[in-house]
2 protein chains.
Amino acid sequence: MYLRCLNTLSAGGLRTVSSGSLAKRFHLNSAQIRKDLAYFGEFGVRGVGYDVHALRDHLTKILGLDRKHNVGIIGSGRLGTALAHYYGFDGANFEIGALFDSDPNKIGKTIGDVKVFDIKDFSSIAKRDNIEVAVIAVPAADAQNVLDLVVDAGIRAVMNFAPVPLKVIDDVKLKTVDLTTSLESLAYYLASDANGKNPKPNSTRHRKRI
Amino acid sequence: MYLRCLNTLSAGGLRTVSSGSLAKRFHLNSAQIRKDLAYFGEFGVRGVGYDVHALRDHLTKILGLDRKHNVGIIGSGRLGTALAHYYGFDGANFEIGALFDSDPNKIGKTIGDVKVFDIKDFSSIAKRDNIEVAVIAVPAADAQNVLDLVVDAGIRAVMNFAPVPLKVIDDVKLKTVDLTTSLESLAYYLASDANGKNPKPNSTRHRKRI
DNA sequence: TGATGTGAAGCGGTTCACAGCC
DNA sequence: GGCTGTGAACCGCTTCACATCA
């Protein structure tokens with residue numbers, strides 16, 4: 001997020017920022033900014049602030065965005081293909097190397113520039129194309145199997161869009177984006193809003209013990 | 001998430017669960033479960049546990065999922081249409097009432113069962129079709145304008161997929177899902193992994209003051 | 001002077017541990 | 001005996017406040 005802020009500032013021609021001005025500009029807290037940045041090193045100059053370009057370069061390197069990552073998407077349904085396009089465009093940091101599916105009607109097709117492979121060939125294709133990140137965009141019922149498969153193939157970083165909690169070994173990073181509960185949380189807001197506005201649980205309750 | 005767990009258990013024919021068994025089954029903490037549920041009322045029976053069906057009904061009501069919500073999606077690009085299908089299928093809780101776009105080539109088309117309207121007509125269509133939730137799936141540069149527009153039209157709950165921090169008035173609920181930073185966080189994991197495995201920042205640093 | 005880097009305090013959410021109840 | 005509901009302890013992250021330094 002800081003990286004995105006810095007890119008905005010850089011595009012505006014700014015050479016230097018203080019944590020205070022950064023905070024004001026992007027509705028953040030200046031102490032938080034300093035703590036976050038100091039965690040990785042001493043990038044600032046007292047009395048001056050941070051050099052926009054130098055800081056951006058530092059963060060880019062820290063985040064591992066100074067080189068391209070190949071991504072494989074499992075599930076070439078609507079969500080999978082939409083993600084393929086989304087991440088394909090995006091920055092130059094990620095490249096969608098391959099799509100995978102188990103549906104014979106889809107295998108062999110090309111979506112955008114990306115070929116759809118048989119999920120059975122995941123391991124060999126992943127090795128051949130140096131795929132480091134897997135994106136799971138399959139039905140919930142298949143997600144755990146797919147996860148196990150990509151982990152077995154040596155993948156260490158997985159993004160999961162299936163709305164199920166998945167189990168994974170410790171040294172694999174799993175990031176789940178749950179589009180269903182995200183939307184449901186909005187329904188909760190509307191519901192609690194319709195009633196008593198405030199969180200409102202438990203106005204009159206409980207024989208309290210003294 | 002609890003609701004999903006309960007549905008699974010219910011499908012398995014279970015009538016009653018304790019926080020302990022629920023925790024074990026879904027890799028959660030039992031005290032957390034009890035605290036969460038107790039926040040909304042006393043749903044359990046000591047010595048027994050929770051009634052699966054009754055608890056599910058309670059949670060469904062609390063989350064506002066006991067009635068259908070109409071959703072409008074702004075942006076009929078690939079992500080917007082993918083989301084329209086995703087949420088259209090899903091449960092019976094949400095219904096995609098309309099898509100909106102500013103591109104004349106898209107306005108008037110029908111995607112799935114959903115018509116694409118001119119974004120200029122958002123307010124009137126939203127009122128006519130009783131749309132309560134807006135999903136923003138437009139380019140980052142347009143997101144704030146779209147947000148302001150839907151809020152002006154009386155929408156109180158917004159889900160944003162554009163990778164920008166947006167400003168919104170207090171009594172509107174804004175939920176941002178940032179697909180870009182989600183993926184970038186995986187790159188960071190791979191990068192820190194490649195180096196020293198551990199979070200590893202600052203091994204040798206700082207003249208400490210005494 | 002002005003801004004960083006950072007101990008210390010504060011705060012919200014999580015976990016422990018147990019009294020209370022079935 | 002078994003499990004809930006909950007005060008108390010705990011823990012990590014956020015914010016404050018200030019010593020430090022260009």
Side-chain angles (χ1 to χ4, degrees), chain A residues 1-2 5-6 9 14-59 62 165 181 185 188 192 198-210, chain B residues 1-2 5-6 9 14-59 62 165 181 185 188 192 198-210:
Chain A
M1 193 197 63
Y2 292 138
C5 295
L6 291 170
L9 294 180
L14 208 63
R15 307 287 297 168
T16 256
V17 259
S18 67
S19 60
S21 61
L22 198 61
K24 197 164 281 177
R25 178 85 159 70
F26 296 101
H27 317 111
L28 306 166
N29 175 298
S30 65
Q32 180 78 70
I33 294 172
R34 292 196 300 279
K35 266 270 157 72
D36 287 347
L37 298 179
Y39 180 77
F40 291 105
E42 300 198 352
F43 302 133
V45 179
R46 293 169 195 231
V48 179
Y50 301 89
D51 181 288
V52 174
H53 276 71
L55 183 55
R56 183 176 58 175
D57 290 351
H58 271 122
L59 294 183
I62 289 166
T181 53
S185 72
Y188 170 63
S192 54
N198 287 345
K200 75 93 219 237
N202 300 347
S203 26
T204 50
R205 281 181 53 210
H206 291 292
R207 48 232 164 286
K208 288 260 161 239
R209 73 182 75 110
I210 28 147
Chain B
M1 194 196 61
Y2 292 138
C5 295
L6 291 170
L9 295 179
L14 207 64
R15 308 286 297 168
T16 258
V17 258
S18 67
S19 61
S21 61
L22 198 62
K24 199 164 281 176
R25 178 85 160 70
F26 296 101
H27 317 110
L28 307 167
N29 174 298
S30 64
Q32 180 79 70
I33 294 173
R34 293 197 297 281
K35 267 267 157 74
D36 287 347
L37 298 179
Y39 180 75
F40 291 106
E42 300 197 353
F43 301 133
V45 179
R46 291 165 197 234
V48 179
Y50 301 89
D51 181 286
V52 174
H53 276 70
L55 183 55
R56 182 177 56 174
D57 290 351
H58 271 122
L59 293 184
I62 289 166
T181 53
S185 72
Y188 170 62
S192 53
N198 288 345
K200 77 91 221 236
N202 300 348
S203 26
T204 51
R205 282 180 50 209
H206 292 292
R207 49 232 163 287
K208 288 261 162 235
R209 72 183 78 110
I210 28 140

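First the proteins, then the strands, lettered A, B, ... as listed; each starts at 1.
Contact check, Tyr50(A) against dG5(C): a side-chain N or O comes under 4.0 Å of OP1 or OP2.
Of the candidates dT6(D), dT6(C), dT15(C), the closest approach to any side-chain atom of Ala38(A) belongs to dT6(C). Of the candidate nucleotides dC16(D), dT15(C), dA17(D), dC16(D) has the atom lying nearest to any side-chain atom of Asn29(A). Relative to the side chain of Arg46(A), the nucleotides dC21(D), dG5(D), dT15(C) differ in distance, and dC21(D) lies closest.
Mapping Ser18(B) and Ala31(A) onto DNA chain D via the closest heavy atom, the residue that lands nearer the 5' end is Ser18(B). Two residues, Val45(A) and Asp36(B), neighbour DNA chain C, and the one matched to the more 5' nucleotide by heavy-atom proximity is Val45(A).
The shortest side-chain heavy-atom distance between Leu28(B) and Tyr2(B) falls under the 4.5 Å cut-off. Between Ser30(A) and Arg34(A) there is a side-chain heavy-atom pair separated by less than 4.5 Å. Within the 4.5 Å cutoff, the side chain of His53(B) has no heavy atoms near those of the Leu6(B) side chain.
Residue contacts for Ser19(B): at a heavy-atom cut-off of 4.0 Å it reaches the sugar-phosphate backbone alone, with no base atom in range.
Checked by distance alone, Lys35(A) brings no side-chain donor or acceptor within 3.5 Å of a matching partner on the base of dT14(D).
The nearest pair of heavy atoms linking Met1(B) to Thr181(A) is N-CG2, 4.4 Å.
Between Arg34(B) atom CZ and dC18(C) atom P the separation is 13 Å, expressed in whole Å. Separating the CD1 atom of Ile33(B) from the P atom of dC3(D) is a distance of 13 Å, rounded to the nearest angstrom.
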